[in-house]
Amino acid sequence: MAEIITMPRLSDTMTEGVVAQWLKKVGDKVSEGDILAEIETDKATMEFESFNEGTLLYIGLKDGESAPVDSLLAIIGEEGENIDALIKDFKVENTNTSQEKKETKKDSKEETTAPEIKETVAETKTTAPSAQIVPSTNTSGRVVASPLAKKIAEDKGINIATIAGSGENGRVIKRDIENYVPAATNLANSTTTVALGEESFEEITNSQMRKTIARRLAESKFTAPHYYLMIELDMDNAIASRKVINNLPDTKVSFNDIVVKASAMALKKHPKVNSQWFDDKIRINHHVNIGVAVAVEDGLVVPVIPFTDQKSMTQIGAEVKDMAVRAKSKKLTPAEMQGSTFTVSNLGMFGISEFTSIINQPNSAILSVGAIIEKPVVKNGQIVVGNTMKVTLACDHRTVDGATGSAFLQTLKDFVENPVTMLA
């Protein structure tokens, strides 16, 4: 018997999804556990696994198209099975459900003022078309490709701009990369020349992740009163300690691991920094779950290390590395990006010496970690060569006062400058 597959809710905040790429086509045999498609959510692009067996009889969305959660995505059944009535019944039922929601919404809106009703109608008119506009054509020289194709091309060192796509509207898909044969003539197409004095630009369709990042960061910046505290750390002992630790068998600790561990231990001593703001209360968390910002192709994700204070630097390093790899290959689950109580963002590996971050709500603070800089410093009244690192704490002034944030940074400084104290 045929089974309807609907757009899954892959995260708690997901309202609609985009089919980044189908990995099966109509007529293909499907086994339980097969990956049907890549679905782009508001947090990441994830593989959608089939829980049914049979033949893929119907696909409701093309590559690049979006639809609300629970919309008709696909149908799996027996080969040759007639599914026309099933599709019709689903659409009728979905239409009735939508109408009931609209009537319920209308009833609730009647209790409000007329201007608010008009504003809602206008919002509906502008929002509905945008859910369908996911252009895959390339009118400005921009390459349009599936996330999987981009990843494979990157791994193989292939310039994806030299490949002609065979997908919908010229979209570059997986098989185009796998069948690609380098040709000298392709080199001419890999660059775009712009005449002197001629204006040029490209437009990139915002992904679900990009939209969510923009919305959440804007909400954080304009609702939480940010202030910033910066402190400079002496990293000489940390450098020496890390060298000793990494000489142990099967041990690899980074400076970021040291900072994350130090942050977790400092939060236990200063729980007010490990808090969340609500309109009627402040929640002070007694557990420490640190989120570590990781850059991915479409933006930024924050995988979370649960109970960070209870783990060693080696355990923290292994978890961060594993989640960073899976984040970049779109294997990270939404559950692994939820529940943080504090965030660490490190741009030191990019040579950035000092920066500020926007708080990852509902956290009350985020620590920005800069690069280790070798420079002249004063020790015991003498100018010597030393290594320092600047860290900046962004705080929500509703929950963390200046003295509280300062005390936290002093404790953090003590731990980082003397890593052996975190091993006791």
Answer yes or no: is there a side-chain heavy-atom contact under 4.5 Å between [X] and [Y]?
X: P303; Y: D322; result: no
X: M389; Y: F255; result: no
X: R210; Y: T205; result: no

Excluding sequence neighbours, so at least two apart, what forms salt bridge (charged side-chain N to carboxylate O under 4.0 Å, His left out) with [X]?
X: K413; value: E417
X: R398; value: D396
X: D401; value: none
X: E219; value: R215

Under the rule for side chain to side chain donor-acceptor pair (under 3.5 Å), what residues qualify as partners of [X], not counting sequence neighbours?
X: T314; answer: none
X: K269; answer: none
X: K311; answer: E319
X: S263; answer: none

If you count every heavy atom of other residues, nucleotides or ligands that lies below 6.0 Å from K24 atom NZ, does the total exceed 12?
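Yes.
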Sequence neighbours excluded and cut-off under 3.5 Å, please list the side-chain donor-acceptor pairs for residues 370-386, or say none.
residue: K375; atom: NZ; partner: E232; partner atom: OE2; Å: 2.6
residue: K379; atom: NZ; partner: D234; partner atom: OD2; Å: 3.2
residue: K379; atom: NZ; partner: D236; partner atom: OD2; Å: 2.5

I'd like a table of donor-acceptor pairs (distance under 3.5 Å, sequence neighbours excluded) in which one partner is a side-chain atom from residues 277-288, with atom names and distances.
residue: N285; atom: ND2; partner: N274; partner atom: O; Å: 3.2

Check against side chain to side chain donor-acceptor pair (under 3.5 Å), S254 and D257:
CA-CA 5 Å; S254 69; D257 302 332; 3.0 Å; yes
If you measure from OG on S50 to CD on E3, what distance do you get to the nearest 0.5 Å?
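If we round to the nearest 0.5 Å, S50:OG and E3:CD are 10.0 Å apart.
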Residue pairs involving residues 380-391 (criterion salt bridge (Lys or Arg N to Asp or Glu O under 4.0 Å); sequence neighbours excluded):
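Of all non-adjacent pairs touching residues 380-391, those that pass salt bridge (Lys or Arg N to Asp or Glu O under 4.0 Å) are E354-K390.
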Sole residue of N346, V416, L229, I231 in side chain to side chain contact (heavy atoms under 4.5 Å, CB included) with V391
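So, applying the side chain to side chain contact (heavy atoms under 4.5 Å, CB included) to V391 and each of N346, V416, L229, I231, only I231 qualifies.
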Test of understanding: with ring pair (Phe, Tyr, Trp, His ring centres under 6.0 Å), list the residues that count as partners of H397, not counting sequence neighbours.
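Per chain and number, H397 pairs via ring pair (Phe, Tyr, Trp, His ring centres under 6.0 Å) with Y227.
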